[in-house]
Amino acid sequence: MKTIYIVFNNKEKIDVWSSMYDNLKAVFADYVSVKICFLDETNSSDLTDGDLFLVLYRDRVYPMKKYVSSLDKVIVMSRTVQRKYLDELYELPEGTELLVVNDSEESTIQTANNLYALGLNHLNLVPFLPNEPNPAYGRIRIAVTPDEEDMVPPHINRIINIQSRCIDTNTFITIINKLNLNNDQITRNLLKYTQTLASSGTDPARKYITDNLKEEMLKNAFEASGNAILLTDASRVPVYCNDKAAAFFNITVGSSQCLLDRFGRGYEDIFSSEDYQNRLIRIEGSNYIFTRSTIRIVDQVIGYSFYINTEKDLKNMELDINKQLIKSGLVAKYHFKDIIGHSDAMEQCIARAKKVALTDFTVLISGESGTGKELMAQSIHNFSARKDRPFVAINCAALPESLLESELFGYEKGAFTGASAQGKLGLFEQANRGTVFLDEIGDMSLNLQARLLRVLQEKQLMRLGSDKVINIDVRIIAATNRDLPEAIRRHEFREDLYYRLCNIPIKLPPLRERKEDIPAIFTSFLNDADDLMTNALFFQLKQYDWPGNIRELKNAADYFRTLGELPDTVQNAAPEGSNLKIENTSADAMMNVDCPEDSELNVLILTLIRTHSTASTGIGRTAILQLLRERNVRISDNKLRLRLHELEKQNLIYTTRGRTGFRLR
C-alpha cells in the first residue's frame with residue numbers, strides 16, 4: 001500500500017488538515033495510507049515510509065529536502081471551492097468590490113486567483129493584506145473568506161463564507177500518475193468527488209472527466225452492442241476486443257500474435273484485401289458471420305475492425321425483435337370465440353376458416369363493408385402456428401401508391417426525397433414468420449399488384465432503392481368488399497394476382513342473411529344495459545336490412561344506450577300494421593312491458609322500504625331496484641328515481657343527506 005503524507009508546519013489549522021485528509025480518503029479509500037505530518041514535531045527518520053508528500057505552498061518544497069530522498073516526491077497542492085458555495089458570488093452585480101480574506105498573505109492571493117479562474121471576472125476582488133495598507137479596504141463592505149470569518153475586519157457588513165477549500169482535481173491526477181494508482185474504483189471515486197467542485201470548464205480536470213466518460217461510454221457501447229467486437233492494428237495484432245470476442249476466440253490483447261497465426265492459414269478469407277459484410281466463416285466447427293472494415297488516417301491503413309456474430313445470436317436477435325414488434329402493437333387481438341353468430345351461414349364460415357388457419361395457404365376474405373373481415377383475419381392468425389409472431393395489418397385504400405409501396409417493401413437511405421436517413425424496414429420484413437393482412441386489396445394500384453405477385457410467388461422482395469433480394473416468410477391474408485372478377489373484366493385488377501390470392505376463399509355473409517344473429521350481436525354492444533332488451537325490440541331490429549352491417553348495428557346500439565330508442569331508419573323499417581311496432585320507444589316505455597300499475601307499484605315500493613329499513617339505516621335506490629327485479633318487476637333506474645321523488649313530495653318517505661337511504665315517515 002502506498003503512503004501519502006500531508007505536511008504542515010504545526011497543528012494550528014486543524015480544520016484545514018482534517019478536511020484535506022477527508023478529501024484524500026474520499027478518492028483513494030483504502031488504496032493508500034494517508035498520514036498527517038507536523039514539521040515542528042517530526043524528525044527526518046519519521047518519514048522514510050512516505051511515497052509522496054503534499055505541501056500547501058511552493059516555498060515549502062525546498063525545506064523538505066532534509067526529510068525526503070528526492071524533491072520529486074513533493075507535490076504542491078492546488079485547492080478549489082465546492083460548487084454549491086459560489087452561487088451567492090455569481091449573483092452579485094457586476095463591478096461589486098469584495099475583500100478577500102484568508103489566514104496568510106499567500107493563501108489570500110491564492111484564493112483571489114482561484115476565484116477569478118472559476119469565472120468570477122464580473123467582480124473586483126481585493127486581497128486583504130494587513131501588512132500592506134490599502135485605501136480601498138475602508139470603502140469595501142462585503143468580504144469573501146474560506147472559513148476565516150474571525151480575520152474579517154470589523155467594518156465589513158456582509159461576509160460570504162465559501163468554507164474550507166478542497167484539494168482540486170489536478171492535484172489528484174498528479175498523485176494518481178506518480179503512484180500509478182489508476183484503477184476503476186479510484187476513477188469512479190474521483191469523478192464523483194469532482195462533481196462537487198467548482199470548475200472553469202477549461203482546466204485539465206475537465207479533460208480528465210471528459211476522457212474518462214468517453215472511455216467508459218465506448219466500453220459500455222461495445223459490451224452492450226450484442227456483437228463480438230475485435231480491433232487490430234495494420235499487422236492484424238489485436239489492440240482491443242470486448243468480452244464476447246475474447247470468449248469466442250480466446251484472444252489476449254497485448255500479445256504480439258497475429259490473428260492469422262491464431263486462426264491458422266486456412267482463414268485467409270477473414271483478412272482479404274477488400275472489406276465485406278455478413279460473410280459466413282466456419283471456425284473450429286462453428287459458423288460465424290463476420291463484417292470487416294478498414295480503419296484509415298488519411299490514406300494510411302492503421303488497422304481493422306471486425307464485428308462478429310454466431311448463427312445462434314442472429315436467430316435469438318430475430319426472436320427478440322419479433323417479441324418487441326408484438327409488444328409495439330403488431331399483434332392480433334381477436335380469436336374465433338370473439339365472433340358472435342350461431343346461424344348456419346356463420347358457423348359454416350367459421351368452420352372453414354379454422355381448417356384454413358392450420359395451413360399456410362393465402363386466404364382471400366370477401367364481404368360487404370362492416371361484416372368483420374379483419375376480425376376473421378385476426379382469428380385465423382391466432383388459430384395458426386404463427387400466432388406467436390407479428391400480425392401486421394394495412395389498409396391498401398388509405399394510403400397513396402408511393403407511400404403504400406414504401407410501407408410494404410421498405411427503403412434504403414436516400415431512396416427518395418424525404419426518406420429517413422437510416423432507411424426503413426417494410427411491413428413484410430417486420431412481419432417475417434408472421435402474417436400480413438392486406439385490407440381493401442381491391443383498391444391497390446396495378447403497379448403494386450405486380451410487386452405483390454412477386455412476393456407471393458417467390459417469397460422475396462427488394463426495398464426501394466436497393467438491388468438486394470431479401471427472402472421472407474410471411475402468410476398473406478387479403479380482404480376486399482369489391483367484386484374482383486368484375487374488376488378483372490374492367491382491367492382494374494390483375495387476374496394472375498387474383499388466383500394467387502384466392503387460394504382459399506372465405507365469403508362473410510351480410511347481416512341480412514343471418515338475422516338470427518342480430519339480437520346477440522346487438523346485446524353484446526350494450527354492455528351493462530342488456531336488461532333493456534324486449535321481444536318487441538328484437539322484432540324491430542330484424543325488420544331492418546342493415547346495409548352497414550355490424551358497423552351500423554354497433555352505431556344503433558350506441559344510439560339506443562344513450563337515448564333509449566332506436567334510430568328512425570330502424571324504427572321505420574317495421575311492416576305497416578304490425579302489432580309489435582314500437583311507437584315513441586323511450587327507455588321507460590320499453591321497460592314497462594312487465595311493470596304493474598302506478599298505485600300497485602307505489603304500494604310495493606313502500607312495502608320494500610318498510611321491510612328493509614330501520615330507524616337508523618334506510619335502503620338505497622339501487623337496493624330497491626334489485627328487490628323489484630327479484631319480483632319480476634321491470635323498471636328503469638330513472639323511473640324509480642322519479643317515483644321515489646313523488647313519494648317524498650307526498651310525505652310518505654324521506655331521506656337525509658349522505659348515503660343513508662330512504663325511510664318511511
Side-chain angles (χ1 to χ4, degrees), residues 1-9 13 16-39 41-82 106-107 110-111 113-114 117-118 164-216 219 253-254:
M1 180 184 291
K2 303 290 185 180
T3 299
I4 298 175
Y5 277 93
I6 308 175
V7 180
F8 295 90
N9 286 338
K13 293 294 181 181
V16 175
W17 56 258
S18 63
S19 172
M20 292 181 178
Y21 177 90
D22 292 340
N23 295 163
L24 290 168
K25 294 302 289 185
V27 173
F28 294 118
D30 295 329
Y31 289 96
V32 299
S33 172
V34 180
K35 297 182 178 180
I36 309 296
C37 167
F38 306 105
L39 293 181
E41 303 177 358
T42 303
N43 298 316
S44 58
S45 59
D46 296 336
L47 307 179
T48 54
D49 62 333
D51 296 292
L52 216 57
F53 300 86
L54 308 182
V55 297
L56 282 174
Y57 307 112
R58 192 167 298 281
D59 62 2
R60 295 183 186 176
V61 175
Y62 190 76
M64 289 295 297
K65 189 172 182 180
K66 68 177 183 179
Y67 296 99
V68 299
S69 58
S70 170
L71 290 181
D72 187 51
K73 292 184 175 183
V74 182
I75 295 176
V76 179
M77 287 183 289
S78 297
R79 289 184 289 168
T80 188
V81 182
Q82 291 190 59
E106 187 172 1
S107 293
Q110 193 180 78
T111 301
N113 291 335
N114 189 203
L118 293 173
S164 295
R165 290 183 294 158
C166 308
I167 301 173
D168 75 354
T169 308
N170 297 327
T171 301
F172 277 108
I173 294 172
T174 303
I175 296 171
I176 287 170
N177 291 336
K178 280 186 174 290
L179 297 183
N180 193 25
L181 287 172
N182 196 6
N183 63 50
D184 288 345
Q185 185 59 52
I186 289 176
T187 299
R188 279 194 291 270
N189 291 345
L190 181 54
L191 289 173
K192 183 178 179 180
Y193 173 82
T194 303
Q195 298 304 311
T196 67
L197 305 183
S199 171
S200 66
T202 59
D203 57 17
R206 176 55 54 190
K207 184 176 185 302
Y208 173 82
I209 294 171
T210 303
D211 289 347
N212 274 279
L213 285 175
K214 286 180 180 177
E215 183 179 346
E216 193 65 24
K219 181 180 177 182
V253 175

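The CD atom of Glu41 lies 10.0 Å from the CG atom of Leu39; values are rounded to the nearest 0.5 Å. To the nearest 0.5 Å, atom CD1 of residue Ile6 and atom CZ of residue Phe38 are 9.5 Å apart. Considering CG of Asn23 and CZ of Arg165, their distance stands at 12.0 Å, rounded to 0.5 Å. Taken from OG in Ser33 to NZ in Lys25, the straight-line distance is 6.5 Å, to the nearest 0.5 Å. Taking CG from Leu24 and CD1 from Ile167, the interatomic distance works out to 4.0 Å, rounded to the nearest 0.5 Å.
Counting only residues at least two apart or in different chains, side-chain hydrogen bond (donor to acceptor under 3.5 Å, both in side chains) contacts with residues 49-64 comprise Tyr5-Asp49, Lys35-Asp49, Tyr57-Ser107. Within the structure, every pair that satisfies the ring-ring contact (aromatic ring centres under 6.0 Å, His included) test and touches residues 171-192, not counting sequence neighbours, is listed here: Phe28-Phe172, Phe172-Tyr193.
The two atoms that bring Leu47 and Cys37 nearest to each other are CD2-SG, 3.8 Å, heavy atoms only. Closest non-hydrogen pair, Met64 versus Val55, comes out as CG-CG1, 4.2 Å. Pairing each heavy atom of Cys166 with each of Leu197, the nearest pair is CB-CD2, 4.1 Å.
In this structure, Tyr21 has no ring-ring contact (aromatic ring centres under 6.0 Å, His included) partners at least two apart in sequence or on a different chain. Residues passing the side chain to side chain contact (heavy atoms under 4.5 Å, CB included) test with Asn177 are Ile173, sequence neighbours excluded. Every side-chain hydrogen bond (donor to acceptor under 3.5 Å, both in side chains) that Gln185 has, sequence neighbours left out, goes to Arg188, Asn189. By the side chain to side chain contact (heavy atoms under 4.5 Å, CB included) test, Asn43 pairs with Ser45, Asp46, sequence neighbours left out. Taking the side-chain hydrogen bond (donor to acceptor under 3.5 Å, both in side chains) definition, one finds that Lys178 meets it with Asp72, sequence neighbours left out.
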> Are Leu56 and Met20 close enough, and set up right, to give a side chain to side chain contact (heavy atoms under 4.5 Å, CB included), and what steps lead you there?
Replying inline: CA-CA 10 Å; Leu56 282 174; Met20 292 181 178; 3.0 Å; yes
> Do Asn114 and Thr111 pass the side chain to side chain donor-acceptor pair (under 3.5 Å) test, and can you show the C-alpha distance, the side-chain angles, and the key distance before you say yes or no?
Replying inline: CA-CA 5 Å; Asn114 189 203; Thr111 301; over 6 Å; no
> How far apart are the C-alpha atoms of Thr194 and Thr169, what are their side-chain angles, what is the distance that settles it, and do they pass the side chain to side chain donor-acceptor pair (under 3.5 Å) test?
Replying inline: CA-CA 6 Å; Thr194 303; Thr169 308; 3.3 Å; yes
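No side-chain heavy atom of Val27 sits under 4.5 Å from any side-chain heavy atom of Ile175. At least one side-chain heavy atom of Leu179 sits under 4.5 Å from a side-chain heavy atom of Leu52. Contact annotation: the side chain of Val16 approaches that of Arg79 to within less than 4.5 Å [non-hydrogen atoms, C-beta and beyond]. Counting heavy atoms from C-beta outward, Ile176 and Leu190 have side chains that approach closer than 4.5 Å.
For Asp22 and Ser19, the side-chain atoms include no donor-acceptor pair closer than 3.5 Å.
For the pair Thr174 (side chain) and Asn170 (backbone), a donor-acceptor distance under 3.5 Å is present.
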